**Student:** 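Pasting a structure here, questions to come.
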Amino acid sequence: MSGNFADSFGCMVFNDSVMSERLPKETYDSLRQSMNEGLPLDPAVADVVARAMKDWAVSLGATHYTHWFQPMTNITAGKHDSFLTTKKDGRVILEFSGKELVKGEPDASSFPSGGLRNTFEARGYTAWDCTSPAFVRDGTLYIPTAFCSYTGEALDKKTPLLRSMEVISTQALRILRLFGNHTSKRVIATVGAEQEYFLIDREKYEKRLDLKICGRTLFGARPPKGQEMDDHYCGRIRLRVAKFMRELDEELWKLGVTSKTKHNEAAPAQHELAPIFASANTACDANQLTMEMMRIVAKKNGLACLLHEKPFEGVNGSGKHNNWSLSTDDGLNLLDPGQTPYENIQFLIFLCAIITAVDQYADLLRFSAASPGNDHRLGSNEAPPAIISIFLGDQLTDVLNRIAHGDAPAENTSGLLETGVATLPRLPKDDSDRNRTSPFAFTGNKFEFRMIGSSASIAPANYILNTIVAESLSDFAARLEQAGDFDREIHAIVSDTMKLHGRVIFNGNNYTQEWVEEAARRGLPNLSNTVDAISAIAAEKNVALLEKYGVLSRSEALSRYEIMLENYTKVLNIEANCMVEMTKRQILPACIEFSGRVAASGNALDTAGAPSRAVRRLTARLSSLTDEIDDALSALETALDRAHHIESLEQDAVYYRDEVCTAMAKLRTAADEAETLTSSEIWPMPNYTDLLHRV
Ligand code: ADP
Ligand code: MG
């Protein structure tokens with residue numbers, strides 16, 4: 001980055017300072033009001049903003065603009081239009097109108113819609129989201145937008161998130177008003193998404209069809225050294241990686257993404273980036289940009305960035321820790337145990353709302369983290385299990401239990417805050433006893449949802465969180481609004497929460513088999529795979545909830561179910577096809593060639609009168625493994641053929657999960673053993689050591 005950091009941070013972003021500098025005062029005020037209060041923009045204002053935005057973008061070398069949106073895939077999209085307009089007299093000028101800024105009309109027919117869009121009305125439209133700033137990248141002005149069908153149904157991940165931001169704000173404000181706060185105007189869900197990823201050498205990546213097509217290795221014997229030495233986490237960053245990280249930071253900073261922390265992760269070649277938290281909506285856009293820039297900057301540096309949840313078997317996969325909290329527009333973090341007694345009781349109410357929500361809608365939260373890639377990761381002693389539970393820490397749990405049981409408050413030890421209300425015990429100031437195994441952990445002043453996969457959009461997890469917490473806040477607000485005795489009702493809310501939903505609190509080790517059994521006894525759902533997890537979005541209680549708050553209509557919810565089922569079978573089908581191709585064109589030929597060479601050597605030794613037992617044994621093992629591979633290949637092809645003839649989407653997904661996956665695993669086991677026996681010169685692709693330890 002040339003010059004100093006302060007000049008370049010956000011230099012490509014149409015941010016507040018650019019707006020206040022380039023917009024007339026009234027326009028600026030009107031736009032700010034729309035942004036802060038989520039109001040629709042006056043068309044006259046839009047024209048002025050568009051012109052200023054275009055002039056600013058052109059000054060940074062932009063010739064095009066794009067309505068940037070987030071369809072129901074995990075990547076972003078947009079078509080690029082130039083600002084060029086021809087005038088009647090033949091002159092060509094650069095122009096950009098308010099209408100073009102506010103609304104676009106891309107063809108929606110090539111994006112997943114799950115039956116929401118008929119092909120005869122394939123048009124969709126994109127609507128400017130003025131709460132997330134526009135930016136210039138590679139000569140194009142990017143305008144963050146929501147993407148809907150012509151009939152107004154959300155075809156993207158951002159629209160429900162934007163809707164849920166309103167919902168959580170409204171319900172949280174009801175609670176704040178009850179506690180005498182009449183100054184805050186909005187409550188904002190804040191998010192900081194920590195992003196894990198792998199970096200490997202590009203040349204080796206290019207030699208692996210599985211990595212290129214599927215983002216993960218479908219074959220690969222365990223390397224002699226994996227992550228057992230615990231020598232990578234936060235270890236020295238290699239020069240090549242450090243250069244990548246520096247360039248990535250510079251690119252992200254220019255785009256206003258507040259990349260803050262970078263370090264090596266647990267697995268070899270694995271790293272993490274964490275930004276400074278922001279509103280959930282901008283955090284979601286920033287995370288999409290982060291993932292895109294990671295791929296681009298890696299390529300420029302002769303590296304490949306793998307964002308798949310499980311690129312390598314036997315070493316940790318990658319996730320995304322979604323740190324979530326609620327903050328008022330005037331800067332109060334509502335999950336921060338406060339300084340005054342009233343703040344503390346208010347904190348307890350928010351805490352109880354979250355406990356209630358997470359227990360009642362555990363299945364929806366699990367849905368929000370479901371993907372075929374994440375199936376390889378959740379519950380395999382490196383990531384939280386598929387069971388949703390909450391870590392609160394012993395002290396906070398104790399406080400809640402005491403209130404619930406009407407016990408006397410704990411001793412006033414130092415470090416505990418005085419609540420002031422006789423019946424309420426004191427709150428621990430900071431429970432920094434972090435439990436890394438919990439899927440949903442309280443970390444002092446925020447919750448950390450750790451289930452999301454590394455390649456996923458964070459939008460679903462956050463619109464689900466916002467909605468389910470809004471629902472319990474709404475229940476509590478109704479109770480408190482009607483209560484004769486406010487303090488007594490608060491007591492009752494805490495008590496009810498612990499009685500009815502205390503089962504979701506678990507402060508122990510989530511990686512153990514005992515927890516799986518204990519969770520079953522407590523009746524907590526254990527949705528271990530995508531097919532089971534996604535059915536939550538079609539379950540009546542959940543559809544009704546999303547519909548009630550207008551976050552997803554019934555048809556929008558059901559369309560998401562269909563899209564995710566279809567996506568599941570498509571991903572598995574591509575992986576299976578890739579395995580078939582690699583086996584036929586690379587692995588079997590290599591096995592046959594090497595067997596031939598060994599056999600020839602054996603014959604030569606026999607002729608020379610020096611027969612070798614090792615050669616005979618190796619020949620026999622190779623020949624039977626080659627047969628095993630061939631048999632497993634046929635079985636996989638048969639399974640695939642059957643899968644292609646199943647009509648029902650649900651049954652097809654179940655067949656892929658149960659039969660195709662099993663056939664794939666069998667083929668892999670045989671091929672991986674063959675790899676360990678075959679000369680490395682003949683094996684047709686880079687091995688795990690090459691991939692993990694050669695950056
Ligand atoms: P860790 O120990 O997990 O690395 P940190 O305290 O470093 O935890 O924070 C991790 C992430 O949480 C960062 O992205 C940070 O910006 C974010 N974060 C901190 N406070 C909040 C908050 N109030 N709301 C949302 N995210 C937050
Ligand atoms: Mg974390």
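Side chains are part of it too, since the values below use all heavy atoms of this structure and drop only hydrogens, waters and symmetry mates. Indexing begins at 1, ligand by ligand and atom by atom, following the structure's order. Numbers here simply count residues along the sequence, with the first being 1. Quantities reported herein were computed from a predicted structural model and do not represent experimental measurements.
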**Student:** State whether Arg137 and Glu251 are salt-bridged, where the test is any N-O pair (Lys NZ or Arg NE/NH1/NH2 against Asp/Glu carboxylate O) under 4.0 Å.
**Tutor:** no
**Student:** Looking at NZ of Lys310 and CZ of Phe198, how far apart are the two atoms once the value is rounded to the nearest 0.5 Å?
**Tutor:** 8.0 Å
**Student:** Under 3.5 Å between some N or O of ligand 1 and some N or O of Ala193?
**Tutor:**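 No, since none of the N or O atoms of Ala193 sits under 3.5 Å from an N or O of ligand 1.
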**Student:** Nearest non-hydrogen contact with atom 3 (O) of ligand 1 belongs to which option: Glu194, His263, Glu272?
**Tutor:**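 Selected option, by shortest heavy-atom distance: Glu194.
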**Student:** Nearest heavy atom to atom 15 (C) of ligand 1 wins, so pick from Pro275, Ala278, Ala274.
**Tutor:** Pro275
**Student:** Can you list the atoms of ligand 1 that are under 4.0 Å from a heavy atom of Ser325?
**Tutor:** 22 (C), 23 (N), 24 (N)
**Student:** Tell me every residue that passes side-chain contact (heavy atoms from CB on, under 4.5 Å) with Arg186, counting only those two or more places apart in sequence or in another chain.
**Tutor:** Glu166, Ser169, Asp329
**Student:** Could an N or O of ligand 1 be found under 3.5 Å from any N or O of Thr190, whether backbone or side chain?
**Tutor:** yes
**Student:** Backbone, side chain, both or neither: what part of Lys260 comes under 4.0 angstrom of ligand 1, heavy atoms only?
**Tutor:**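 For Lys260, no heavy atom sits under 4.0 Å from ligand 1.
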**Student:** Do Asn36 and Lys185 get their side chains close enough for a donor-acceptor pair, meaning under 3.5 Å?
**Tutor:** no
**Student:** Would you call the rings of Tyr142 and Phe135 parallel, tilted or perpendicular, taking 30° and 60° as the class edges?
**Tutor:** parallel
**Student:** Given that the side chain starts at C-beta and the backbone is N, CA, C, O, which of these parts of His321 lies under 4.0 Å from ligand 1, counting heavy atoms, or is it both or neither?
**Tutor:** neither
**Student:** Enumerate the ring-ring contact (aromatic ring centres under 6.0 Å, His included) contacts for residues 363-390, please, sequence neighbours excluded, ordered by first and then second residue.
**Tutor:** none
**Student:** Going by the atom numbers of ligand 1, which of them fall below 4.0 Å from some non-hydrogen atom of Ile276?
**Tutor:**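 In order of number, 16 (O).
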**Student:** With heavy atoms of Asn333 as the reference, note each atom of ligand 1 found under 4.0 Å away.
**Tutor:** 23 (N)
**Student:** Looking only at side chains, do Asn287 and Lys320 share a donor and an acceptor under 3.5 Å apart?
**Tutor:**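 A donor-acceptor contact under 3.5 Å links the two side chains.
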